[in-house]
Amino acid sequence: MNKLILIDGNSIAFRAFYALPLLSNQSGLHTNALFGYARLLEKIIEDEEPTHFLVAFDAGKSTFRHQAYKEYKGGRQSTPPELGEQFAPIRKLIDAYGIKRYEVSEYEADDIMGTLSRMGDEEGFKTIIITGDKDLTQLASEHTDVYFTKKGISDIEVYTPDHVNEVYGLKPLQIIDLKGLMGDKSDNIPGVPGVGEKTALKLLHAYGSVEGVYENIDAVGGKKLKENLTENKDTALMSKELATIYREVPFDFDLDSLKFDKDNNEKHAIFKEFEFNSLLENVDAEAAEEKEAFTDELTDDLSALGKNISLHLEVHEDNYLFNAPEYVAVTDGSKTFISRTEDVDTDELLKVLNHSDTVNSYDIKRQIALLSHLGIQFTDFTSDIMLASFLLDPSKKIIGVSETVQDYGFSIDSDDFVYGKGRNKKTPTEEEMISFLNDKVMAVHQSLPLVKEKLEKDEMLELWQDLEMPLSKVLADMELRGITVDVSRLKSMQEDIDVRLKEIESHIYELAGEEFNINSPKQLGVILFEKLALPVIKKTKTGYSTAVDVLEALLNKHDIIQYLLDYRTLSKLQSTYVVGLQNEIRDDSRIHTRFNQTLAQTGRLSSVEPNLQNIPIRIEEGRKIRRAFVSKDDDHVLLALDYSQIELRVLATITGDVTMTEAFSSDTDIHTKTAMEVFGVEHDEVTSLMRRNAKAVNFGIVYGISDYGLSQNLHITRKEAKAFIDNYLDSFPEVKQFMSDVVQDAKRDGYVKTLMNRRRYIPDIQSRNFNARSFAERTAMNSPIQGSAADIIKRAMVKYAEDEAAQKFNAELLLQIHDELIFDVPKDEIEAFIPVIQNIMEHALELKVPLKVDYGYGKDWYEVK
DNA sequence: GGGCGCACGC
DNA sequence: GACGTACGTGCGCCCA
C-alpha cells in the first residue's frame with residue numbers, strides 16, 4: 001500500500017530546536033535542530049516505511065490569511081538566530097535524504113499538507129502528518145493520522161478521529177469551530193473573549209459548530225457569555241475561517257512525484273558535515289548489512305580475467321614502504337581474484353598485469369611500492385581513482401577507498417570499520433578480508449567511468465593523465481630509492497649538542513633560581529611571567545605565550561632570555577633532526593620519506609616519515625644537519641637545482657604585468673626592482689631596508705598573507721603594512737587588476753584554477769563573515785600562483801623521467817622541495833647532466849618570462865649551496 | 001590518543 | 001570595525 005508522510009517543516013524545526021541543547025559542529029554551525037530533525041527522519045523511515053514523502057514549509061510572509069486578517073500570526077517572537085541559521089541546512093538535510101520538499105508563497109505548510117492528504121485520501125493512500133501544531137488534528141480521517149510531537153520530538157501522540165473524540169469529544173473538523181470560539185494565541189487568532197477551551201467545548205458539545213451556537217444563541221446560558229458571543233459574532237466566524245485549512249492548493253506536481261526510496265540518499269556525507277557521529281555509525285552499520293552489494297564471481301585463476309582490470313594490494317599499515325602486502329585483489333568487473341599474498345604466483349601476476357590493456361587502481365604509488373615487495377616491477381597503471389578524486393576537489397580529505405567511492409554511490413566498509421580503531425583494533429578473518437576486498441576492488445573498478453566523466457567535465461583529464469599519474473611513478477621511484485645518510489655525522493652532532501644543552505640548562509636553572517622543564521611552555525611561562533615578573537607580551541588560548549617573538553622582545557629585560565633562545569634552537573635541532581632523523585635510517589643506510597600527493601590544497605607535495613622538506617638551512621647551526629645527507633658513494637655527488645623566483649615569474653605571466661615581465665626578461669633582481677617601483681626611486685637609491693621591505697611584500701603576495709601577517713614580519717604597524725601593499729598594487733596595476741578579477745572569478749565559479757587547470761574551490765568567498773571572506777579572497781589570489789608553480793616543477797619531474805637524453809645519464813632523483821630538485825649524479829657525468837636537466841626544468845612550461853634555474857653540487861647536501 | 005604550543009622549511 | 005590571519009610536519013607536554 002502507498003504510504004505518504006507529510007512533515008510540517010517549520011513546526012518540527014522549532015520543536016527540535018527547543019527539545020535539544022545547543023549543539024554545534026566544528027565550523028561553528030549550530031546543529032541541535034538539525035540533529036533532532038535527522039533523528040526524527042530516521043525514526044519515521046524505520047517505523048513507517050513510507051513510499052511517498054514530503055516536507056512542507058511556510059514560505060510567504062503574506063498568505064491569503066494575512067489578506068483576510070492582517071494581524072494573523074502577529075506578535076510572534078522572532079526566531080532565535082541559532083535556529084534561523086539552521087533553516088537552510090535543514091533543507092539540505094532533507095535533500096540528502098532524498099525527500100521532496102515544497103513551499104509556496106500565498107499558502108502555508110498546513111494548506112499544502114491539507115491538500116495532499118485530501119489527494120491521498122481520494123487515491124487510497126495511507127497518510128501520516130507529522131507536526132507540533134494541534135490545529136492539524138482537523139485533518140485526521142479514516143486514512144489520515146496526525147502525529148503530534150509532544151515534549152521533545154520522539155514522544156508522539158497519534159490523533160485518529162477516534163483519538164480526537166477521546167480528547168475533545170469532537171469530530172476532527174470541529175477543531176476549526178473550537179479555534180473559532182477559543183482563538184489561538186500562537187497564531188494571533190482572536191476568538192471570542194472570555195471563551196477558553198472549557199467553554200468552547202461545552203458549547204460545541206451542545207450545538208456542534210460556531211454557526212450552531214449562533215443559531216441557538218438564545219439558549220446559551222450565562223449573561224456575560226451570551227453578551228460576548230453576540231458582540232463578537234464576526235470575530236468568531238473570521239477566526240473559524242482563519243483556522244480552516246485550505247485543501248485546494250493548486251500544485252504543479254502529483255502524488256507520484258513524491259515517491260521515496262530510503263536507499264537512495266546522501267546521508268553519509270551530510271552526517272559527516274554536521275558531525276552526527278552516532279547517526280554515522282548507523283549508516284555504516286546499515287552499509288555493513290548490505291555488503292552483498294557486489295555478489296560477483298570469485299575466481300582462483302588470474303589468467304581467466306579480462307583485459308581491463310583493477311588491482312588492489314592490501315596492507316593496513318600506513319607505511320607501504322616497510323610493510324608487505326597481505327592480500328592481492330584483481331577484478332575485471334565480473335570475475336574477481338582474491339588471495340593471500342604468499343599464495344600468489346608472482347610471475348603469473350606480472351604476466352597478467354603486463355598483458356592487460358588497462359590497469360586501474362587507487363593510489364598507484366602505494367601499489368607500485370607494494371608490488372615491489374613481491375619482487376614485481378610494474379608501473380604501467382592507466383588510472384588512479386585517488387588522484388582523480390583529489391583533483392576533483394582537493395579540499396576533500398583523502399582517507400581511503402571506502403570514503404572516496406562513497407562519492408560515486410558505492411557504499412563499502414571503511415578500513416576503520418574492518419580493522420577497528422584504538423582499543424577495538426582487530427585482525428579480520430580471511431573470510432572477512434575476502435568479502436571486504438571483493439567490495440573494495442570492485443568499487444574501485446566501477447568508480448572509474450564516473451571519475452573520468454567528472455574529470456572530463458571539469459577539464460582536468462589531462463592534468464590527471466599527463467601530470468599527476470606519471471608523477472606518482474616518479475615519486476614511487478624516489479621513495480623506494482631513498483637518500484643516503486651518514487649516521488656518524490649525526491652521532492657526533494648529537495654528542496656535541498648534548499653537552500651544550502646541559503651547559504645552557506644549568507645557566508637557565510641558575511638564573512631562574514630553580515629547576516623546571518624548559519620544554520614545557522606552561523612551566524616556562526610561570527617562571528618568566530610570575531617568578532621573574534617579566535612583562536606579558538602575548539597570551540595564547542591556554543596561558544602565556546613563550547614563542548620566539550615574545551622572547552626576543554624580552555631580550556634586554558633579563559639574562560635568562562638569550563639562554564632560552566639558544567636552548568630552543570638547539571633542542572629543536574636535537575629532537576626533530578639529529579635524533580629524529582637517526583630513527584628513520586633504514587638497513588640500507590638510507591632515509592625513505594614518503595611524498596603525499598593528495599594533501600596540500602595548492603597542489604604542492606608534502607613529505608612524511610620523515611619530512612625532508614624542512615631540513616634546516618637558514619641558521620648555520622641547523623644547516624650543518626645537511627652534512628649528514630650524502631651522495632651514494634665517493635664517485636657520486638649531490639646536485640641541487642632550484643627555480644629562482646618561480647612564483648613571481650608565474651605572477652608576471654598570469655597578470656601580464658609589463659614592468660615585472662620586463663624585469664624578469666632582463667634578469668633584474670626582482671626585490672630591488674620592486675623597491676624601485678614601490679618607493680619611486682632609481683636603482684642606485686634602493687637602500688637595503690627598502691629591498692628588505694619589498695622582499696617581504698613579494699613574500700606576502702606569493703603566500704597570500706594579510707596586512708597583519710606582513711606587519712608581523714616587518715615589525716611595523718598594520719597600517720604601515722597596508723600602505724606597503726597598496727603602494728605595491730598601485731605600482732603593478734596589472735597585478736592589481738588580476739587580484740580583483742580572480743576574486744570575481746571565484747565568486748562566479750566557486751573555484752580558481754592554475755595554469756594547468758588545477759582547481760581549488762573557495763566556498764567562503766561568499767561568506768558574510770569578514771574574516772572568513774578576507775581569508776578566502778587571499779586564498780583565491782594566492783592559489784593560482786602557488787599552484788601553478790607546483791604544476792611547473794611537477795611537470796619538470798615528469799618530463800625528466802620521460803626524456804630519453806636525460807635518462808641516458810645515471811642520475812637519480814632523490815628529493816623535491818617545492819621549487820628545488822635534488823639528484824645523486826655520477827661525478828663523471830655531472831658537467832654533462834647539468835645543462836640537460838636545467839633545460840628541462842627551465843622549459844617545463846613556457847611562460848611569458850623565462851624560468852631561471854640555479855644549481856650547486858657537492859659531496860653532501862651542505863656542500864651544494 | 002588528541003589538542004596545543006612551538007619551530008623548521010618553502 | 002569586524003578579530004585572526006600562507007601551508008605542512010613533527011616534537012614534547014599535558015590531560016583524559
Side-chain angles (χ1 to χ4, degrees), chain A residues 26 394-395 421-425 516-525 538-551 564-565 567-581 583-584 593-619 621-623 625-626 642-643 645-647 696 698-713 718 721-722 760 764 767-783 785-787 789-790 793 815-820 861:
Chain A
Q26 280 183 19
S395 70
K421 252 183 100 145
R423 71 168 76 93
N424 298 319
K425 215 167 172 160
F516 64 100
N517 188 343
I518 308 169
N519 286 318
S520 161
K522 195 177 161 188
Q523 294 183 34
L524 179 59
K538 201 166 73 177
K539 290 202 132 197
T540 65
K541 260 183 274 191
T542 51
Y544 309 112
S545 168
T546 66
V548 170
D549 54 329
V550 171
L551 295 182
L564 287 172
L565 287 168
Y567 184 90
R568 276 269 171 82
T569 312
L570 283 179
S571 68
K572 169 76 180 176
L573 279 183
Q574 189 78 314
S575 63
T576 304
Y577 299 106
V578 179
V579 175
L581 287 175
N583 293 333
E584 302 288 351
T593 186
R594 296 192 320 282
F595 292 100
N596 195 335
Q597 201 179 344
T598 55
L599 189 136
Q601 305 283 300
T602 51
R604 274 188 171 187
L605 301 176
S606 74
S607 153
V608 290
E609 280 185 72
N611 181 354
L612 293 185
Q613 291 182 320
N614 72 343
I615 303 301
I617 187 164
R618 276 182 23 252
I619 308 212
E621 193 79 58
R623 190 172 193 150
I625 298 283
R626 296 183 172 223
D642 70 291
Y643 282 104
Q645 303 298 348
I646 186 168
E647 286 94 350
N698 280 331
F699 176 87
I701 297 291
V702 168
Y703 289 114
I705 64 172
S706 59
D707 51 4
Y708 176 86
L710 181 63
S711 76
Q712 294 290 301
N713 281 348
R718 223 183 68 216
K722 188 174 180 320
R760 179 169 185 183
D764 280 354
S767 174
R768 263 90 62 215
N769 175 309
F770 174 83
N771 290 316
R773 192 175 63 249
S774 303
F775 186 49
E777 286 169 0
R778 294 203 304 277
T779 306
M781 299 187 266
N782 151 258
S783 297
I785 304 171
Q786 212 186 100
I793 191 165
L815 298 175
Q816 187 250 46
I817 307 137
H818 307 308
D819 64 352
E820 182 181 11
W861 198 1

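Atoms considered below: every heavy atom in the structure, side chains included; atoms not considered: hydrogens, waters and symmetry mates. These numbers were taken from a predicted model, which means no experiment stands behind them. In the text below, chain A, chain B and the rest are named by the order of the sequence lines, each starting its count at 1.
Closest to the side chain of A/Arg778, from the set C/dG8, C/dT5, C/dG4, is C/dT5. For A/Thr569, counting side-chain heavy atoms from C-beta on, the closest listed nucleotide (B/dC8, C/dA6, B/dC10) is B/dC8. Out of C/dG4, C/dG8, B/dG9, the shortest distance to the side chain of A/Ser606 is found at C/dG8.
Using a 4.0 Å heavy-atom cutoff across all strands shown, A/Thr546 reaches sugar-phosphate atoms only and no base atom. Within 4.0 Å (heavy atoms only), A/Thr779 reaches no atom of the nucleic acid at all. Base contact: A/Tyr708 has a heavy atom under 4.0 Å from a base atom.
Annotation: C/dC3 and B/dC8 have their C1' atoms spaced 27 Å apart (nearest Å).
Phosphate contact (OP1/OP2 of C/dG4, side-chain N/O of A/Ser774, threshold under 4.0 Å): absent. Applying the 4.0 Å criterion to OP1 and OP2 of B/dG9, one finds that A/Arg618 has a side-chain N or O inside that range. An OP1 or OP2 oxygen of B/dG5 is reached within less than 4.0 angstrom by a side-chain nitrogen or oxygen of A/Thr540. Put simply, A/Arg604 has no side-chain N or O that comes within less than 4.0 Å of OP1 or OP2 on B/dC10.
In this structure, the side chains of A/Glu820 and A/Tyr643 stay at 4.5 Å or more apart for every pair of heavy atoms.
With hydrogens and angles ignored, no donor-acceptor pair closer than 3.5 Å exists between the side chain of A/Arg568 and the base of B/dC6. Scanning atom types as modelled, no donor and acceptor separated by under 3.5 angstrom connect the side chain of A/Asn611 and the base of C/dG10.
Between A/Ile518 and A/Leu564, the shortest heavy-atom contact is CG2-CD2, 3.7 Å.
Between A/Phe770 and C/dA2, a base-stacking contact is recorded: ring centres under 5.5 Å apart, planes less than 30° from parallel.
The interatomic distance linking A/Gln613 (CD) with C/dC7 (P) rounds to 16 Å, in whole Å. Here the C1' atom of nucleotide C/dG1 and the CZ atom of A/Arg768 are 19 Å apart, to the nearest Å. Between the C1' atom of B/dG9 and the CD atom of A/Gln786 lies a distance of 12 Å, rounded to the nearest Å. A straight line from CD of A/Glu609 to P of C/dG8 spans 18 Å, rounded to a whole angstrom.
Checked for salt-bridge contact, A/Glu647 and A/Arg604 meet the test: a charged N lies under 4.0 Å from a carboxylate O.
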Under 4.0 Å protein heavy-atom contact, by nucleotide of nucleotides 11-16 of chain C - B base, S sugar-phosphate only: SSSSS-
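A donor-acceptor contact closer than 3.5 angstrom links the side chains of A/Thr598 and A/Asn596. A side-chain donor from one of A/Ser783 and A/Arg760 sits under 3.5 Å from a side-chain acceptor of the other.
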